[in-house]
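Read the numbers this way: they start at 1 and go in the same order the structure lists the ligands and their atoms. Along the sequence shown, the residues carry numbers beginning at 1. What's counted below: heavy atoms across the whole structure, side chains too, no hydrogens, waters or symmetry copies.
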Amino acid sequence: MKKDLVTEYDLEVEDFHSIFARSRSLKQFLKEGRPHGTLAGKTLGMIFEKASTRTRLSFEVGMYQLGGRALFLNTKDTQIGRGETVADTARIMSRYMDGIMIRTFAQKTVADLALYADIPVINGLTDLLHPCQILSDLFTIIERRGDYTGLKIAYIGDGNNIANSWINAAVRLPIQLTLACPEGYEPHPELLRKGKREAREGIDLFRDPVEAIEMADVVYTDVWASMGQEEEQEERAQIFKSYQINQELLEHAGKNVIVMHCLPAHRGEEITSEVIDGPHSVVLDQAENRLHVQKAILEILMKGDKSNG
Ligand code: CP
Ligand code: NVA
């Protein structure tokens with residue numbers, strides 16, 4: 001059976017562990033200049049319906065370092081943009097390639113692509129989720145803190161794709177998750193309900209960022225207006241004002257807190273320059289680790305022979 005990464009639920013706890021262990025090795029191999037062409041001759045198709053810097057670069061460079069290659073497909077320049085169905089696109093890409101990474105709006109597009117493709121499909125961000133980001137962030141936490149078990153992670157801001165992916169991760173792994181979101185901007189209700197029911201260490205949603213951040217080991221934020229919400233930017237800037245991660249708010253977190261942001265950041269909105277450039281920030285490690293962690297994901301999903309299904 002081929003394996004996809006459409007949601008965090010596609011991974012068992014052991015898969016998380018294998019990805020983190022392999023990411024560590026791959027990061028070391030790269031540092032030492034040790035060749036690791038485990039995907040020689042393989043091709044990844046990358047469909048982008050939204051902008052990207054990190055995701056595109058890390059997947060493209062990652063495939064190259066693994067001995068394969070990546071093809072960038074902008075939907076506007078392909079027949080997808082002219083209405084060719086997801087199912088047909090999936091079937092055709094399966095005849096040429098060994099894997100697909102897609103960044104798009106609807107989660108259903110990724111799920112359908114995975115359904116009709118014979119090759120692994122990786123979610124490179126939807127309106128609902130961003131699994132590759134959260135896997136890389138967990139790896140960064142392991143690097144910094146040794147382990148994530150029992151850590152308190154406070155997500156402050158919009159209940160968007162990043163918040164939803166943290167909720168799914170908290171169901172699979174023993175992390176304590178608190179969120180603070182303004183009314184009307186909470187995470188996806190079904191994912192939150194499931195998360196609250198199933199997360200071992202608990203998930204708590206607050207209105208007040210101070211309550212959520214109290215003694216947190218990790219403070220995480222993201223933009224207030226995600227891709228596709230640009231028109232709401234100004235309105236959201238007003239609504240989210242008191243959710244900014246600044247030095248004053250950070251005083252409430254634990255002493256050794258690490259500050260995370262998936263980037264790109266809107267400095268002066270969801271986070272101040274002082275904090276994002278400050279001693280607690282690990283945002284550049286997060287961005288770098290996208291490369292190592294996604295290489296591990298690509299290997300694990302794409303190493304198998306296509307003919308094995
Ligand atoms: N964090 C992230 O996914 O960045 P890009 O939008 O630049 O890919
Ligand atoms: N929530 C952001 C994440 C960008 C990586 C967005 O969807 O635009």
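- Both tests hold for R56 against F72: distance to the six-membered ring centre under 6.0 Å, angle to the ring axis within 45°.
- Of the listed residues (M227, K50, H130), the one carrying the non-hydrogen atom nearest atom 3 (O) of ligand 1 is H130.
- Dense packing is recorded around CD of E251, with more than 12 heavy atoms of other residues, nucleotides or ligands lying under 6.0 Å away.
- Counting heavy atoms from C-beta on, the side chains of T104 and L113 never come closer than 4.5 Å.
- Annotation: cation-pi pair K27/F139 absent, no NZ/CZ under 6.0 Å from the ring centroid and within 45° of its normal.
- For ligand 1, the polar-atom distance check finds no N/O of R56 at less than 3.5 Å from any of the ligand's N/O atoms.
- Between L125 and ligand 1 there is no heavy-atom distance shorter than 4.0 Å.
- With D158 as the partner, the side-chain contact (heavy atoms from CB on, under 4.5 Å) test is satisfied by one option alone out of I162, N160, I156: N160.
- Polar contact with ligand 2: present for M227 (N/O pair, distance under 3.5 Å).
- Residue T55 places no heavy atom under 4.0 Å from ligand 2.
- Between L263 and ligand 1, at least one N/O pair is under 3.5 Å apart.
- Looking at V121 and V110, their side chains come closer than 4.5 Å, going by heavy atoms from C-beta outward.
- Ring geometry for Y220 versus W166: interplanar angle over 60°, hence perpendicular rather than tilted (30 to 60°).
- Classification of the Y185-F240 ring pair by plane angle, with boundaries at 30° and 60°, yields perpendicular.
- Counting the atoms of ligand 2 from 1 in the order shown, those under 4.0 Å from a heavy atom of N160 are 1 (N).
- For ligand 2, none of its N or O atoms has an N or O atom of H130 under 3.5 Å away.
- Considering backbone and side-chain N/O atoms, N161 comes within less than 3.5 Å of an N/O atom of ligand 2.
- Residue contacts with ligand 2 for L125 involve side-chain atoms from C-beta outward but no N, CA, C or O (heavy atoms, distance under 4.0 Å).
- Considering backbone and side-chain atoms together, R103 places no N or O closer than 3.5 Å to any N or O of ligand 2.
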